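Okay, so here's the structure we're looking at.
The shown structure was predicted, so the numbers you read here are calculated from the model rather than taken from an experiment. So you know, we letter chains A, B, ... as the sequences are listed, proteins then strands, and number each from 1.
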Amino acid sequence: MPDFIAISDLPRFLDQPVKLRGWIRAIRSSGKIRFVELRDGTGDCQCTVEAAYAEAFAALEGCGQESSVEICGVSRAEPRGPGGVEVSAREVRVLHQAEAYPIARKEHGVDFLMQHRHLWLRSPRQAAILRVRHRIIQAARQFFDDNGFTLIDTPIFQPGAAEGAGTLFEVDYFGDPAFLAQTGQLYLETAAMALGKVYCFGPTFRAEKSKTRRHLTEFWMIEPEIAFYELEDLEALSEEFLSQIVQAVLTHNRADLELLERNVAALENIRAPFPRMTYSEAVDFLHDPGLHEKLEAELEAERGRLGEIRKAISETETQLGQVTKAWKVEKLGNDLKALKEQAGELERWLANRPAHIEDAKNFQWGKDFGGDEETILSNQFERPLIVTEYPREVKAFYMKQNPADPRTVRNLDVLAPEGYGEIIGGSQREDDLQTLLDRMAEEGMDPEPYQWYLDLRRYGSVPHGGFGLGIERTVSWICGLKHIRETIPFPRLMGKMMP
RNA sequence: UCCAGCGUGGCUCAAUGGUAGAGCGGGUGACUGUUAAUCACUAGGUUGUAGGUUCGAGUCCUACCGCUGGAGCCA
């Protein structure tokens, strides 16, 4: 008898004795035969246990969902089993008989699932997201490692704000105030002056009171910082970086994307070059009558989609009249509710859209883009959109003033397609000491605690820059999720920390 | 913080102001090919909390608590 094998390896062990171990995802009985859907983290496999194997059959008595078991049996090709391979069990050893498992194989409310996040992770969909998350992180690090970057760990306890204060978590540090890092950037700049190309990867914290599908209070960010890099270099880097991440997911996690019902074709499009525009060009674009026509056409198309949803609603209602089984009635009822929600959401969108178009027409140079403008801009492209050179006033003090136009800075934002918003933000950094001091004064900042940072501009200052990629927003986009809470094992949301 | 919506068995939901129910899950039994199996039986409730209106409140009113969605801010 061989050692335990992973379910994912099962096709290599056809018609052989095998030993599996894992958890029961579902169990059904039909008198003298039991069907066990076993999962082990690598895949799912149906095992049949016949009453002829009396001990094995009896062992499963009272075993419900998520009981842990070891199963020895013989594998065989079986089209009736999910995955095409089935194991006929000869021996079953129950490791632990689970109590009644709270998460049933049916729809649940978000609140309930969030309270059971520790168990929810066992669901196929959540596991698929976590695998894609892992791939994204792995590919991101691989990209930097392959391109001569050195990983630098920046501190999580930090003395002050890199960007606007008031959005930081304050902690007591032996009687003095300290703050949880919202970026490793300032420290990373020092390391870039030592090692040239560096990156950091770690958790960051924002105390913003944002309750939206795009916000977490604790999230992970990967940030490269490179000496002698200017804005154009950063644009090229971000483009190559994102392309490779997406391609890695497509190569290794296709099954996960399919399970998530992600539109894979949209991801296959994500290759350099990405469209680029400056902030000023973006503002002109928002004012362009051609865009308004396109948006009106889009509005028409969405009205058509609303019609389709309404058709689906009436079809579901018809089906509902034909079904008698109570749980099927319930399921169709849930489908109907979801469709109605979708229709409602679309109706609201359609109602607000003319105002958004109006806002776009009237957008004034100098304001920061809101979510609506970002969405309008990025929706015009099938690839991520790189927007550069924003007005100085809306951006952080350390960003390099644009020599060609001092009203703007040499920064970049990368907006994901399909309305997923900003996934990368970065800039070339101000390398001139006096300009930086002036800028800090403009912001009312005390330069004293930043002397170490200013030293970089005193001892061999060079052009340099970097950016940060938000892992969770990237996961959300690549997986096509509706809410960022599913992108991280234990999301920290405003006012929510359990489990 | 502001606006909107929702709180009924473990879960998902029903119930004109008039005796609180169903399905799933749990338990018991039947069934050798199930895919959320099917069939029968069974246990399980102070309807978020506190007041109020009423002969009578799950249902109406007020406050609070919790959750969800959206806005601002951001990755």
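Comparing B:G25 with B:C65, their P atoms sit 38 Å apart, to the nearest whole Å. Comparing the P positions of B:C24 and B:A40 gives an interatomic distance of 10 Å, to the nearest angstrom. Rounded to whole Å, the separation between the C1' atoms of B:A4 and B:A22 comes to 30 Å. Nucleotides B:U47 and B:A57 have their P atoms positioned 12 Å apart, rounded to a whole Å. Atom name C1', nucleotides B:G58 and B:A20: the rounded distance is 8 Å, in whole Å. Look at the C1' atom in both B:G27 and B:A43: the space between them is 7 Å, to the nearest Å. On the P atoms, B:G51 is 25 Å away from B:C11, given to the nearest whole Å. Atom C1' of B:U16 sits at a distance of 47 Å from the matching atom of B:C73, rounded to the whole Å.
Taking the six-membered ring where the residue is Trp, A:Phe112 and A:His116 present tilted rings, their angle falling between 30° and 60°. Aromatic ring pairs are classed by plane angle as parallel below 30°, tilted from 30° to 60° and perpendicular above 60°; the pair A:Phe241 and A:Phe143 is tilted. Ring planes of A:Tyr199 and A:Phe149: perpendicular class, angle over 60° (limits at 30 and 60°).
A centroid separation of less than 6.0 Å is found between the aromatic rings of A:Tyr390 and A:Phe369. The six-membered or imidazole ring of A:Tyr187 lies away from that of A:Tyr453, with a centre-to-centre distance of 6.0 Å or more.
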Which atom pairs link the protein and nucleotides 40-44 of chain B when you take only N or O atoms and keep those under 3.5 Å?
none

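If you check B:G23 for Watson-Crick or wobble pairing at under 3.5 angstrom, you find it paired to B:C11.
Taking atom CD1 of A:Ile484 as the reference point, atom P of B:A75 lies 12 Å away to the nearest angstrom. In this structure, CE of A:Met494 is placed 14 Å from P of B:G70, rounded to the nearest angstrom. Distance A:Ile488 CD1 to B:A75 C1': 12 Å, rounded to the nearest Å. Rounded to whole Å, the distance from CD on A:Glu374 to P on B:G72 is 11 Å. A:Arg28 places its CZ atom 10 Å from the P atom of B:U34, with the value rounded to the nearest Å.
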Going 5' to 3' through nucleotides 25-31 of chain B and flagging B where a protein heavy-atom sits under 4.0 Å of the base, S where only the sugar-phosphate is that close, and - otherwise, we get -S----B
Protein-proximity profile, nucleotides 64-69 of chain B, B/S/- by nucleotide at the 4.0 Å heavy-atom cutoff, equals ---SSS
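With respect to the salt-bridge test (charged N to carboxylate O, under 4.0 angstrom), the residues A:Arg439 and A:Glu443 qualify.
Among the candidates A:Arg39, A:His96, A:Gln97, the single residue satisfying the side-chain hydrogen bond (donor to acceptor under 3.5 Å, both in side chains) test with A:Glu66 is A:Arg39.
You can call A:Phe219 stacked on the base of B:A75; the centres are under 5.5 Å apart and the planes sit within 30°.
Residue A:Gly109 is in sugar-phosphate contact alone, with no base atom involved, counting any heavy-atom pair closer than 4.0 Å across all strands shown.
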